[in-house]
Trainee: 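Below are the structure tokens for one structure; questions will follow.
These figures come from a predicted structure and were not determined experimentally. Proteins get letters first, then strands, A, B, ... in listed order; numbering begins at 1 in each. Scope of the values below: all heavy atoms of this structure, side chains included, with no hydrogens, waters or symmetry mates.
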2 protein chains.
Amino acid sequence: MSKQPKYQQIADVLRREIDNGTYGPGSRLPSEAELSARFDASRNTVRSGLNALVSQGLITSSQGLGYEVSKHEVFELNASRFENLTFPQNGDAFSTDVTNAGRHPHQTFRVELTTTPEYVATRLKIETGSRSVLRFCHRFVDNVPWSTQATHYPDWLLAEAPRLAEPGDIAEGTTRYLKSLGIEQIGYRDELATRMPTPDEARLLEIGAGVPVMLWTRTGYSHDRPIRCTITTLRGDLNRMNYEIGDLSGWDGNESE
Amino acid sequence: MSKQPKYQQIADVLRREIDNGTYGPGSRLPSEAELSARFDASRNTVRSGLNALVSQGLITSSQGLGYEVSKHEVFELNASRFENLTFPQNGDAFSTDVTNAGRHPHQTFRVELTTTPEYVATRLKIETGSRSVLRFCHRFVDNVPWSTQATHYPDWLLAEAPRLAEPGDIAEGTTRYLKSLGIEQIGYRDELATRMPTPDEARLLEIGAGVPVMLWTRTGYSHDRPIRCTITTLRGDLNRMNYEIGDLSGWDGNESE
DNA sequence: TAGTGGTCTAGACCACCTC
DNA sequence: AGGTGGTCTAGACCACTAC
């Protein structure tokens with residue numbers, strides 16, 4: 001039992017009070033000055049304690065307002081059904097899912113020609129630095145930034161499917177468009193990772209310290225080669241991904257926690 | 001272009017120098033005193049800047065030593081193959097995978113009877129607080145803490161499969177043991193989430209600030225009901241999960257980034 | 001012993017929000 | 001105007017690591 005530093009003790013006490021409901025989700029914590037008096041510590045020490053809780057994603061702070069206990073509303077994303085090879089894929093699946101959940105979807109969209117970054121190139125089995133089409137999507141739910149999605153299509157595919165490079169949405173969905181050209185996605189490989197956001201990501205997704213991002217990379221394959229690579233960056237506090245594998249007939253994917 | 005606070009500028013400069021290789025993975029940063037002189041800032045301001053990088057998982061610090069740039073060695077986990085309904089499951093799959101990767105696996109194991117927490121109970125479709133068997137595993141790779149895994153089996157299953165409650169490993173694997181009793185897992189549902197570790201998790205996995213955990217919940221189903229719920233807590237900086245869905249025959253799951 | 005980061009203080013000034 | 005958090009300083013002392 002070694003002595004804990006004072007700022008840790010403060011963080012521990014406050015964490016316990018948040019856990020047991022003394023300060024419920026969405027409620028405000030006492031001000032730094034009040035806590036300073038309560039714990040007989042300098043304001044800076046109190047700040048260190050609060051900072052620990054911020055880094056753990058338990059509370060947020062805003063200038064002039066105070067510290068607020070985070071609420072967690074997670075959105076479920078069924079990755080194995082999401083784009084079920086028979087379904088449309090892009091904007092549509094997102095909008096449909098969100099609308100079905102009684103929420104309001106919104107997204108901005110951008111298409112550009114880029115040089116392929118290494119991470120994507122290895123997955124598409126093309127050369128790093130070669131050309132590819134990037135279709136980029138910034139998604140919101142109820143006007144809260146939710147995720148960004150960047151899909152790369154290799155250069156060679158463009159010759160067969162020129163509409164991929166056109167700005168603006170493809171009404172019927174890109175997967176369906178490609179299928180109509182005889183290019184069918186018959187399987188995909190998903191990779192999931194997590195880390196703290198880069199400053200750019202933190203800006204786009206409006207996340208503060210203490211909230212990680214989830215990185216979801218989906219590489220789609222036709223019968224003979226990779227045809228696309230989609231990197232989705234999700235706010236870790238708002239999203240949960242699901243996969244259903246095997247025979248789950250008769251099982252409702254029931255939620256809640 | 002609003003003026004950035006000084007500690008942010010310091011963090012940005014150092015981040016750029018880390019990115020461009022001035023300070024490579026594993027190398028040491030200059031001391032706080034040196035940085036303080038370089039940036040003409042007080043030691044505390046420099047510490048704020050360094051602290052920002054720590055929270056982003058870019059560097060770590062240790063008393064008496066200094067700040068070190070993090071290295072990232074990720075371990076790939078194929079979740080859709082991992083326990084392929086035909087394969088053995090528990091300890092074995094982990095040890096096999098790790099050994100195949102040329103690393104040294106190690107794990108501690110514990111079995112206990114517990115009251116079922118709500119999160120697990122809803123998934124197993126049993127009452128919160130009812131009894132269940134918890135088989136808990138703490139896993140290491142090359143003596144670095146890697147993940148913890150907690151599998152709950154419902155009370156009713158115990159009557160049919162008493163060995164689940166016995167301490168010690170089940171040699172042939174629990175899935176195989178259950179199958180030999182006519183209880184076959186015919187499908188599962190995975191849920192993936194990410195967040196910052198709780199203090200307990202941080203202790204068990206030896207992670208500092210700036211490294212999130214990935215939570216992987218797998219609920220296994222027999223033909224008529226859930227038979228187990230496994231919660232795996234993974235160090236976010238060391239693990240990546242993969243799912244392969246659809247027809248990927250002829251495709252090697254190629255890696256590297 | 002010297003150098004590193006870890007903790008803590010007291011006080012100053014600024015930026016933002018609410019009234 | 002008054003209260004909130006955000007930034008910054010200067011200095012003190014402690015704990016750990018290296019030599």
Side-chain angles (χ1 to χ4, degrees), chain A residues 1-14 18 23 26-70 199 202-203 206-211, chain B residues 1-15 18 23 26-70 199 202-203 206-210:
Chain A
M1 270 308 139
S2 67
K3 188 186 184 305
Q4 290 267 76
K6 197 187 271 191
Y7 80 94
Q8 265 297 352
Q9 295 179 31
I10 295 175
D12 288 342
V13 168
L14 292 176
I18 289 169
Y23 305 110
S27 68
R28 283 223 1 233
L29 255 46
S31 72
E32 293 179 348
E34 288 176 87
L35 293 172
S36 181
R38 171 177 170 194
F39 291 109
D40 188 31
S42 81
R43 188 180 157 220
N44 282 334
T45 301
V46 168
R47 282 178 65 80
S48 292
L50 290 166
N51 200 37
L53 299 182
V54 170
S55 317
Q56 288 165 36
L58 277 178
I59 62 177
T60 60
S61 67
S62 20
Q63 214 171 31
L65 288 173
Y67 291 84
E68 183 175 313
V69 180
S70 312
R203 194 173 34 77
E206 288 174 25
I207 40 187
V211 177
Chain B
M1 271 307 135
S2 67
K3 187 187 184 305
Q4 290 268 77
K6 196 187 274 190
Y7 81 94
Q8 265 296 352
Q9 295 178 30
I10 294 174
D12 288 342
V13 168
L14 291 177
R15 187 186 5 261
I18 289 169
Y23 304 110
S27 68
R28 282 223 3 230
L29 256 47
S31 72
E32 293 179 347
E34 288 177 88
L35 294 172
S36 181
R38 171 177 171 195
F39 292 109
D40 187 30
S42 80
R43 186 179 158 222
N44 281 334
T45 301
V46 168
R47 282 178 64 81
S48 292
L50 290 167
N51 199 37
L53 299 182
V54 170
S55 315
Q56 288 164 36
L58 277 178
I59 61 177
T60 59
S61 67
S62 22
Q63 215 170 31
L65 288 174
Y67 291 84
E68 182 174 315
V69 180
S70 313
R203 193 173 34 78
E206 287 175 27
I207 40 187

Trainee: Does some side-chain heavy atom of B/Leu53 sit less than 4.5 Å from a side-chain heavy atom of B/Tyr67?
Mentor: no
Trainee: Under a 4.5 Å cut-off applied to non-hydrogen side-chain atoms, are A/Ser48 and A/Lys6 in contact?
Mentor: no
Trainee: Under the rule for side chain to side chain contact (heavy atoms under 4.5 Å, CB included), what residues qualify as partners of A/Gln9, not counting sequence neighbours?
Mentor: A/Lys3, A/Gln4
Trainee: Please determine if a side-chain N or O atom of B/Ser61 lies less than 4.0 Å away from the OP1 or OP2 oxygen of C/dG6.
Mentor: yes
Trainee: Phosphate oxygens OP1/OP2 of D/dT4: is one of them under 4.0 Å from a side-chain N or O of A/Ser31?
Mentor: yes
Trainee: Is B/Asn44 close to A/Asn44 at the side-chain level, that is, under 4.5 Å between some pair of heavy atoms?
Mentor: no
Trainee: To check you understand the geometry: which heavy-atom pair defines the closest contact between A/Gly49 and A/Ala11, and what is its length?
Mentor: O-CB, 3.6 Å
Trainee: Could you tell me the separation between the OG atom of A/Ser70 and the CD atom of A/Gln56, rounded to the nearest 0.5 Å?
Mentor: 11.0 Å
Trainee: Atom OH of A/Tyr67 to atom C1' of D/dG6: distance rounded to whole Å?
Mentor: 9 Å
Trainee: Please work out which residues in residues 5-14 of chain B have a non-hydrogen atom less than 4.0 Å from an atom of DNA chain D and list them by number.
Mentor: B/Pro5, B/Lys6, B/Tyr7
Trainee: Any chance you could measure B/Leu50, atom CG, to B/Thr45, atom OG1, to the nearest 0.5 Å?
Mentor: 11.0 Å
Trainee: Work out how much the helix from C/dT1-D/dA18 to C/dT18-D/dA1 bends between its end axes, five pairs an end, to the nearest 10 degrees.
Mentor: 10°
Trainee: I need the B/Ser55 OG to A/Asn51 CG distance, nearest 0.5 Å.
Mentor: 7.0 Å
Trainee: According to side chain to side chain contact (heavy atoms under 4.5 Å, CB included), who are the partners of A/Ser27, at least two apart in sequence or on a separate chain?
Mentor: A/Tyr23, A/Val69
Trainee: Looking at residues 33-58 of chain B, who's got a heavy atom less than 4.0 Å off DNA chain C?
Mentor: B/Arg43, B/Asn44, B/Arg47
Trainee: What protein N or O atoms touch nucleotides 15-19 of chain C N or O atoms at under 3.5 angstrom, if any, and at what distances?
Mentor:
residue, atom, partner, partner atom, Å
C/dC16, O4', A/Gln63, OE1, 3.3

Trainee: Show the numbers, then the answer: is there a side chain to side chain contact (heavy atoms under 4.5 Å, CB included) between A/Leu29 and A/Ile59?
Mentor: CA-CA 9 Å; A/Leu29 255 46; A/Ile59 62 177; 4.1 Å; yes
Trainee: When rounded to the nearest 0.5 angstrom, what distance separates CG in B/Leu58 from CD in B/Glu68?
Mentor: 13.0 Å
Trainee: Keeping A/Gln8 on the side-chain end and A/Pro5 on the backbone end, is there a donor-acceptor pair under 3.5 Å?
Mentor: no
Trainee: For the atom pair CZ (A/Arg47) and OG (A/Ser36), what is the distance rounded to the nearest 0.5 Å?
Mentor: 11.5 Å
